[in-house]
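Scroll down for the structure; my scribbles are underneath it.
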Amino acid sequence: MPSELNPRTKSYEFFGPPGALFVTLSVPTTLYALYYGCSEETGGCPPPLSTQVVVDALSSWDWWKSLWDTEAALIYLAWYAYCVVAWFVLPGDWVEGAQLRTGGKKKYKINAFSTFLLTLGLTAGYIWQYGPQSFTFIYDKWIGFVTASILMSVVQGLACYVASFRSGALLALGGNSGNPIYDFFIGRELNPSIGFFDVKSFNELRPGLILWVLVDISMACEQAVRRGGTISSVTDSMWLVFAFEFWYVADGLYNEPAIFTTMDITTDGFGFMLSVGDLAWVPFVYSLQARYLVFQQVELGPVYTAAIVAVNLLGYYIFRSANGEKNDFRNGLNPKNLQYMTTERGSKLLTSGWWGLSRHPNYFGDIIMALAWSLPTGFETPITYFYVIYFAVLLIHRQIRDDENCEKKYGKDWHKYTKLVPYRIIPYIY
């Protein structure tokens with residue numbers, strides 16, 4: 001492919017190769033630390049650990065061997081294979097994504113929601129037939145599943161990095177630095193594919209996101225077994241966490257075409273950063289609250305339950321209505337007669353509605369929902385609020401990346417726009 005289509009990356013994110021290496025190592029470390037730092041196996045959340053206990057564990061070969069579980073690895077591999085088969089077998093419309101630098105548009109198969117429904121049907125039937133105790137294996141083999149998902153992430157990151165050197169590959173503008181550590185992490189190829197099968201969009205929605213719901217179901221089953229063996233005995237706090245996260249996943253899968261305008265799809269390459277985020281981080285970090293509620297059961301009562309539901313509904317309303325305005329506008333629709341400014345490039349930027357209150361109002365809704373998902377765990381430990389803190393940092397980082405890219409793209413028009421819409425995420429605050 002001509003070099004003008006794949007120019008050399010001149011600037012780094014994440015502080016360059018050292019930062020990329022740090023994140024590559026720290027993400028798996030954090031996945032394990034969140035388990036050992038908040039689990040009944042180690043004695044609490046956080047457990048009474050000392051430096052000597054940590055040193056003894058890390059210097060023990062038995063501890064390192066305990067990270068691997070062959071049965072969990074085979075189950076995870078079977079799960080991933082099932083998702084691939086479902087993509088091929090289940091019917092779905094084909095939609096076009098954003099225009100590529102080559103002038104063409106990539107086509108994507110839309111059947112993530114039907115894969116989700118099929119999976120829920122099979123899971124419900126299995127639990128109905130064999131009881132809640134039959135679906136607690138994810139809780140029982142947690143570390144084994146974490147290790148399997150990390151291994152899958154590394155394999156995919158390496159495979160996509162190596163494959164990106166083939167002739168004709170369209171590279172991500174930010175992933176062609178020439179430094180193997182950085183490019184492996186950030187993603188060198190924009191849309192690695194096997195035929196019509198797009199690896200990046202597939203991982204974005206299916207194996208990790210649907211697994212997140214299955215993990216929550218397993219946590220609810222484990223709690224049910226401990227409270228008498230029936231689903232009706234599950235606490236209101238566990239139901240809230242499950243309902244909020246279930247709805248979020250279902251909504252994302254149902255609105256699958258919306259992801260094809262996101263930065264992950266249009267701009268970022270597919271490397272270890274996205275693979276480990278999709279396959280390991282989402283299902284095993286985002287479900288921390290549900291796992292905590294297995295061994296620290298919280299009864300909220302109707303008043304606190306209603307208050308937390310209200311917080312989540314507020315966040316969801318902002319998130320969905322803001323995204324609805326954006327998607328309508330990008331598709332040439334403007335049912336609310338929103339105001340906008342036209343740049344010299346001919347692009348149109350919304351300056352009213354939710355997008356007049358801040359440049360990323362959908363992120364604001366996301367943060368509110370993230371808070372609602374942690375509130376059912378109470379205030380006994382800050383660890384269960386790791387998700388909302390991490391998510392806020394992630395979204396601020398994305399906002400900074402978005403703004404930098406828009407400044408490069410629109411130049412002085414971007415400065416005019418930021419005067420019209422001065423707030424980045426939270427109106428009147430940030």
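Residue numbers start at 1 and run along the sequence shown.
Few gaps surround CD on Glu40; more than 12 heavy atoms of other groups in view lie less than 6.0 Å from it. The number of heavy-atom neighbours closer than 6.0 Å to OH of Tyr340, taken from other residues, nucleotides and ligands shown, is 12 or below. Open room surrounds CH2 on Trp247; 12 or fewer heavy atoms of other groups in view lie less than 6.0 Å from it. Enclosure of atom OH in Tyr430 by more than 12 non-hydrogen atoms of other residues, nucleotides or ligands within 6.0 angstrom is indicated. The number of heavy-atom neighbours closer than 6.0 Å to CG of Asp93, taken from other residues, nucleotides and ligands shown, is 12 or below. Within 6.0 Å of OH on Tyr304 lie no more than 12 heavy atoms contributed by other residues, nucleotides or ligands. Crowding of Glu96 atom CD: a count of heavy atoms from other residues, nucleotides or ligands under 6.0 Å exceeding 12.
The closest side-chain donor-acceptor pair between Arg227 and Ser233, if any, does not fall under 3.5 angstrom. No hydrogens or angles considered: nothing links the side chains of Tyr292 and Glu380 as a donor-acceptor pair under 3.5 Å. A side-chain donor-acceptor contact under 3.5 Å links Ser39 and Thr42. Counted by atom type alone, Lys106 and Ser193 present one or more donor-acceptor pairs between their side chains at under 3.5 Å. In the model, Thr147 has a side-chain atom that pairs as donor or acceptor with a side-chain atom of Tyr32 under 3.5 Å. Ser177 and Asp183 are linked by a side-chain donor-acceptor pair at a separation below 3.5 angstrom, with hydrogens and angles left out of the test. A donor-acceptor pair shorter than 3.5 Å cannot be found between the side chains of Tyr417 and Thr343.
Side-chain atoms of Ser218 come within 3.5 Å of backbone atoms of Phe135 as a donor-acceptor pair (strictly under, hydrogens ignored). Checked by atom type and distance alone, the side chain of Trp94 never pairs as donor or acceptor with a backbone atom of Ile110 at under 3.5 Å. Remark: side-chain polar atoms of Ser275 are paired, donor with acceptor, to backbone N or O of Ser153 under 3.5 angstrom. Judged by distance alone, with hydrogens and angles left aside, the side-chain atoms of Lys109 form a donor-acceptor pair with the main-chain N or O of Leu90 at under 3.5 Å. Checked by atom type and distance alone, the side chain of Ser374 pairs as donor or acceptor with a backbone atom of Thr384 at under 3.5 Å. Panel note: side chain Asn255, backbone Ala258; no donor-acceptor pair is recorded below 3.5 Å. With Thr351 contributing its side chain and Leu420 its backbone, the two residues share no donor-acceptor pair below 3.5 Å. Side-chain atoms of Arg359 come within 3.5 Å of backbone atoms of Val421 as a donor-acceptor pair (strictly under, hydrogens ignored). Side chain of Asp236 to main chain of Gly301: a donor-acceptor pair is present (N/O by atom type, distance under 3.5 Å, no hydrogens or angles). Put simply, the side chain of Ser237 gets close to the backbone of Val298: a donor and an acceptor are under 3.5 Å apart.
Residues Leu25 and Pro28 share a closest heavy-atom pair of O-CD, 3.5 Å. Between Leu279 and Phe284, the shortest heavy-atom contact is O-CE1, 4.4 Å. Scanning both residues, Ile210 and Ala112, for their nearest heavy atoms gives CD1-O, 4.2 Å. Heavy atoms only, all atoms of each residue included: Asn362 and Phe319 are closest at O-CD1, 3.5 Å. Closest approach of Ala72 to Ala148, counting heavy atoms only: O-CB, 4.5 Å. Nearest heavy atoms, Thr267 versus Ala172: O-CB, 3.8 Å.
Taking the six-membered ring where tryptophan is involved, the planes of Phe116 and Phe246 are tilted, since the angle between them lies from 30° to 60°. Ring planes of Tyr130 and Tyr126: tilted class, angle from 30 to 60°. In this pair, Tyr12 and Tyr182 present their aromatic rings perpendicular. The plane angle is above 60°, beyond the 30 to 60° band. Between Trp354 and Tyr317, the ring planes lie perpendicular to each other; the angle is over 60°, past the 30° to 60° tilted range.
Between Trp142 and Met219, the closest side-chain pair of non-hydrogen atoms falls below 4.5 Å. In this structure the side chain of Lys107 never reaches within 4.5 angstrom of the side chain of Asp198, judged on heavy atoms. Proximity of Lys416 to Tyr410: side-chain heavy atoms (C-beta onward) are nowhere separated by under 4.5 Å. Looking at heavy atoms from C-beta onward, Glu245 lies out of side-chain contact with Val215 at the 4.5 angstrom threshold. The shortest distance between side-chain heavy atoms of Trp239 and Leu300 does not fall below 4.5 Å. Two residues are said to be in side-chain contact when any heavy atoms from C-beta on lie closer than 4.5 Å; Leu205 and Trp87 fail this criterion. Annotation: side chain of Val311 is in contact with side chain of Ile368 (closest heavy-atom distance under 4.5 Å). Looking only at side-chain heavy atoms (C-beta outward), Trp355 and Lys326 come within less than 4.5 Å of each other.
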What do the steps show when you test His397 against Glu13 for side chain to side chain contact (heavy atoms under 4.5 Å, CB included), and what is the final call?
CA-CA 10 Å; His397 176 255; Glu13 296 182 59; 4.1 Å; yes
From CA spacing to verdict: side chain to side chain contact (heavy atoms under 4.5 Å, CB included), Val282, Leu209
CA-CA 7 Å; Val282 166; Leu209 207 58; 4.0 Å; yes
Would Thr235 and Gln223 count as a side chain to side chain donor-acceptor pair (under 3.5 Å) here? Give the steps.
CA-CA 8 Å; Thr235 61; Gln223 192 193 77; 3.2 Å; yes
Going through the distances and angles, do Leu214 and Leu211 end up as a side chain to side chain contact (heavy atoms under 4.5 Å, CB included)?
CA-CA 5 Å; Leu214 296 184; Leu211 181 57; 4.3 Å; yes
For a side chain to side chain donor-acceptor pair (under 3.5 Å) check, start with the C-alpha distance between Ser358 and Tyr363, then their side-chain angles and the critical distance, and finish with the verdict.
CA-CA 10 Å; Ser358 78; Tyr363 292 178; over 6 Å; no
Residues Met273, Val23; criterion side chain to side chain contact (heavy atoms under 4.5 Å, CB included); working and verdict:
CA-CA 8 Å; Met273 178 180 73; Val23 177; over 6 Å; no
Would Phe202 and Tyr80 satisfy ring pair (Phe, Tyr, Trp, His ring centres under 6.0 Å), going step by step from the backbone distance to the final call?
CA-CA 11 Å; Phe202 172 81; Tyr80 196 93; 5.6 Å; yes
Dump the intermediate steps for ring pair (Phe, Tyr, Trp, His ring centres under 6.0 Å) on Trp79 and Tyr76, then the final yes or no.
CA-CA 5 Å; Trp79 161 249; Tyr76 184 85; 8.2 Å; no
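Ring to ring, Phe15 and Phe22 are not that close: their centroids are 6.0 angstrom or more apart. Aromatic pair Tyr390/Trp281: ring centres closer than 6.0 Å.
The only member of Tyr387, Phe391, Trp373, Phe242 that meets ring pair (Phe, Tyr, Trp, His ring centres under 6.0 Å) when paired with Tyr248 is Trp373. Tested against Cys160 for a side chain to side chain contact (heavy atoms under 4.5 Å, CB included), the candidates Phe184, Phe270, Phe272 yield a single pass: Phe270.
Using a cutoff of 4.0 Å between basic side-chain nitrogens and carboxylate oxygens, Arg398 and Asp264 are scored as salt-bridged. Salt-bridge check for Lys408 with Glu404: failed, with every basic side-chain N at 4.0 Å or more from each acidic carboxylate O.
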